[in-house]
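First comes the structure, then the notes that go with it.
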Amino acid sequence: MSAERSESQRSLIEGSTLSGIAVMAIVLFGMVNYLSFRHYARWDWTSSKLYTLSEKSQAVLAGLDRDIEGIIFLSPASELYAPADELLSRYEAASPKYFKKRVIDPAKNLLEARRLVEQHDVQRSNVIVIAAGDERRVIDEFDLAEYDYSGAQFGQGPSLKEFKGEQMITSAILELVEAKKPKILFTTGHGEGSIDSPGDPRSLSQAKDLLGRDNFELEEWDSAGKIEVPADTDLVVIAGPTTNFFEPELEVISRYLDHGGRVLVLLDPVIEGTEISDAGLSQWLRRFGVAVGNDLVIDPETQLPFFGPETVYSASYGVHPIVEDLEQTGTRVLMAVSRSVGKADDAPGEYEIEELVTTSSSAWGETDLANLEDLRPDEGETEGTISLGVAVSYKVGVASEADGEEGESDLSDGSENPDEAPDDMGPGQEEESDESESDGNVPEARLVVFGDLDFAANSQLANAANGALLLNTFNWLVQREQLISIEGKKPEATSLSLSSSELSTIYLLVLIVMPGLAVFTGVWVFLRRRR
Amino acid sequence: MSGLLATVQRELRAYFFSPLAYVILTFFLLVNGYIFVLIVSVLNDPRAGGDTTPLKLFFGDTFFFWLVLLFATPVLTMRLLAEERRSGTIESLMTAPVTEAQVVLGKYFAAFLFYLFLWLPTLAYVVIIARNSTVDWGPIAAGYLGVAGIGAVFMAAGVFGSSFTKNQIVAAVVTFGILMLLFASTFMDSLTTSEFWKGVFGYMNLLQHMDDFSKGIVDSRRLVYYLSTVALFLFLTARALELKKWR
């Protein structure tokens, strides 16, 4: 009896001990998985990195210093739900400290949905809300994707063509975290391409949409009669002028540059009869070490089918942050009807000038417009590798000191208020110029000149990597180098072109031969066991 | 280690000399062959425009994938410990110079290796597509990783289920019940409105796991979940054996 009792007691103790160990194991399991839930890594094994955020998005997330919430107000039945959910998971994985994803099914979580609708002032369902504190951006489902409506004539509904969620979400985050939108002024009054004419091939309305997604604020600015560039301007763009600038206008822009301003010039070759004019900018740009050719660049080696040799399809770049990504990925840009723009032989040493896009070594700058039917290099024309764009940077104060006397004489010629001229400062320069001598942090002026407008205009912006080149140029000019990147490549789709006999062979193999082998082996094993 | 290897060898021999395993293999090949035929039909249709992840359908995107796993696993694992207990060989096994851990691990690895063997012929499908088109190997490798991971969990659940009883049918039913509980998380996260439970069930959502793997996304949370679940099931199985040893 006592032996039985001690046996049962021992079993009880053993059982309790083992149960306790089991409970501890389950608790440990829970702890390990909780830690895994909070700290994890995601790897994208696709060759085209389909499920990896772009460098730009990663740069934006790396710069986060406040909490951002991405709220999906989409029904799980929506075809955008899965890609949106997966995309926001990527953002969360890339910035687990600051970015949180939430999913609200408007149909199921009625109370939660109503609360969030009130909190974020959402007027409709099927949206994604990006919220930072009290601020928010609402992205409609129609902005998340491009649809193909070509089947409508056959009674088919729209089909999802491209999911654009990352562009919209990163833009929204950028708008929320950037204290100020970079302000871009486009000069007008000289035949420039407008930013508001969607039907005009010379217009930059598509560029405006593209730049708007990168949180740029674009305005038109009539420079005639102005004594200074408006305060807090981050960039002035001269986009394809066809008539001359007045000298005082160029002086205003020069002062703006010399106080740390940024300027982009898109100088299309303006053909007047058999001459090419430069809107009076050639001499002005010379001051900055930029040589503008009054020519048409011809490059037979990079010619595209159905395009003439005046269309340059280039993958040759200089060494500069604007084109670094393009160079590394071997992506091409398309410049149709452009002029040469390069570094002047007598460029002052204080200016850092780098070529951006160049032609092949077989190119030349055609100046004989009277004989365009007979295209070949003539004597006196520039031959070989030709630059189509340059980037210039120089320290503020260098140009002012170097051109001090020249600046005064220009002011006496045309400036309306010469006494006010010294007050014309570049963006945020008032304090910096005072501080420059004390802390050595000298502001830098930046200028980019391209010999073509079309690559940035509606006619060509969507072609090749023109959009990337334009965005990179803007981001470098306003010193947002961390946002310079290139859009991801589209993945390659797998498809088959098998004949019916090949298909039959495959079906026979996978449905008959392989299962048949398994059956045969099983029967053989069975018979062996019986023996 | 020699005890472990001996157990693995013994169990693998039992698998490969069991007609039932070939019944499962045949069923497995028929189902996956049918899925592959569907994939080839779509890829061969010029109107379809191709697919960047052609084998996504093959890796968890169909009901058949889960059907095979949920039913084949209990059948493959039901005899592992239950048969030993029924025939009385468990006692001699427990007194042999092998630990409970070696016995459990040995049987588990044998079951898992046989599970991987079931999937081996499907590499022929990949070869067929690769010979006739370009494929992105990343999602395919990730898909097989997901298959191995989920299979590892299911096999461990089967070993655990088999430790409860002497009756193989009961063991199969217990295992099926455990697998259904694991699989239920797939639906639970859409049914609950609690953020906490959404997080828990979302973490365990096997459908979502395979969806990610089949696209080429490898997430450390999934791998930790699989490894820890396998470890937990096998640990509990070893403890259960130890308890029965002392009774």
Side-chain angles (χ1 to χ4, degrees), chain A residues 10-11 14-15 18-19 21-22 25-26 28-29 32-33 35-37 39-48 50-51 76 82 86 89 93 102-103 105 108-109 111-112 491-498 502-503 506-507 509-512 514-519 521-523 525-526 528-529, chain B residues 16-19 21-23 25-26 29-30 32-34 36-37 40 43-44 46 48-54 121 124-125 128-129 132-139 141-142 190 193 195 198-199 203 211-212 215-221 224-225 228-229 231-232 235-236 239 242-243 246-247:
Chain A
R10 200 171 61 128
S11 293
E14 286 293 336
L18 288 170
S19 300
I21 292 172
I26 292 169
L28 182 64
F29 169 82
V32 164
N33 283 280
L35 285 172
S36 164
F37 176 75
H39 307 281
Y40 62 95
R42 268 162 70 104
W43 299 282
D44 180 354
W45 284 13
T46 61
S47 57
S48 53
L50 265 182
Y51 303 104
E86 189 278 319
S89 298
R102 284 182 72 183
V103 179
D105 183 346
K108 283 209 186 98
N109 306 67
L111 274 177
E112 187 67 16
E492 200 172 323
T494 299
S495 63
L496 296 171
S497 302
L498 299 169
E502 285 169 323
L503 276 176
I506 289 171
Y507 296 163
L509 178 69
V510 301
L511 288 176
I512 307 292
M514 286 170 68
L517 274 174
V519 169
T521 312
V523 168
V525 164
F526 175 71
R528 265 189 71 114
R529 274 176 57 140
Chain B
F16 283 102
F17 281 98
S18 159
Y22 294 94
V23 170
L25 178 62
T26 305
L29 288 174
L30 279 171
N32 282 312
Y34 174 67
F36 182 65
V37 160
V40 167
L43 293 179
N44 206 47
D51 195 340
T52 54
T53 49
Y125 306 158
I128 290 170
I129 292 187
N132 291 284
S133 181
T134 53
V135 290
D136 189 350
W137 292 100
S190 61
T193 55
E195 286 291 326
K198 260 192 184 319
Y203 183 83
D211 190 57
D212 284 349
K215 287 182 201 165
I217 301 170
V218 178
D219 193 316
S220 67
R221 290 172 293 182
V224 169
Y225 175 62
S228 60
T229 308
L232 180 66
F235 178 80
L236 293 177
R239 298 289 73 78
E242 198 179 321
L243 189 66
W246 290 104
R247 286 222 177 123

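Quick note: numbers below take in every heavy atom, side chains included, and nothing from hydrogens, waters or symmetry partners. Letters A, B, ... are given to chains in the order of the sequence lines, protein chains preceding strands, and every chain is numbered from 1.
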Problem set entry | Main-chain N/O of A/Arg42 paired with B/Asp219 side-chain donor or acceptor, under 3.5 Å | no
Problem set entry | A/Ser36 side chain vs B/Val224 backbone, donor-acceptor pair below 3.5 Å | no
Problem set entry | Portion of A/Leu503 that has a non-hydrogen atom of chain B nearer than 4.5 angstrom | side chain
Problem set entry | salt bridge (charged side-chain N to carboxylate O under 4.0 Å, His left out) partners of B/Asp211, counting only residues at least two apart | B/Lys56, B/Lys215
For this session: Have a look at B/Phe235 and tell me which of A/Ile26, A/Ile21, A/Leu28 forms a side chain to side chain contact (heavy atoms under 4.5 Å, CB included) with it.
Result: A/Ile21
Exercise. Is the side chain of A/Thr521 donor-acceptor paired with the backbone N or O of A/Leu517 at a distance under 3.5 Å, no angle test?
Worked result: yes
Problem set entry | Side chain / backbone / both / neither for B/Ala124 at chain A, heavy atoms under 4.5 Å | side chain
Exercise. Side chain, backbone, both or neither: which part of B/Ile217 has an atom under 4.5 Å from a heavy atom of chain A?
Worked result: both
Seminar exercise, completed: Among A/Trp45, A/Phe526, A/Tyr507, the residue with the most heavy-atom pairs under 4.5 Å to chain B is A/Trp45
Problem set entry | Contact winner vs chain A - B/Gly33, B/Ala231, B/Ser228, heavy-atom pairs under 4.5 Å | B/Ser228
Exercise. Where does A/Val525 contact chain B at under 4.5 Å (heavy atoms): side chain, backbone, both or neither?
Worked result: side chain
Problem set entry | chain A contact via B/Tyr125 - which portion, at a heavy-atom distance below 4.5 Å | side chain
Problem set entry | Check: A/Ser47 and B/Trp137 side chains under 4.5 Å, non-hydrogen atoms | no
For this session: Just give me the residue among B/Tyr34, B/Tyr203, B/Phe17 that pairs up with chain A most often, heavy atom to heavy atom, under 4.5 Å.
Result: B/Tyr203
For this session: Heavy-atom distances under 4.5 Å only: say whether A/Leu35 touches chain B with side chain, backbone, both or neither.
Result: neither
Problem set entry | Toward chain B, the part of A/Phe37 with a non-hydrogen atom under 4.5 Å | both
Problem set entry | Flag side-chain contact, heavy atom, 4.5 Å: A/Val519 against B/Tyr22 | no
Exercise. Closest heavy-atom contact between B/Leu29 and B/Pro121?
Worked result: CD2-CB, 3.7 Å
For this session: Check each atom of A/Leu511 against the heavy atoms of chain B and say whether the ones under 4.5 Å are side chain, backbone, both or neither.
Result: both
Problem set entry | Part of B/Leu236 lying under 4.5 Å from any heavy atom of chain A | side chain
Exercise. Chain A heavy atoms under 4.5 Å from B/Tyr225: which part of the residue, side chain, backbone, both or neither?
Worked result: both
Problem set entry | Rounded distance [0.5 Å steps], CG in B/Leu232 versus CG in A/Asn33 | 9.5 Å
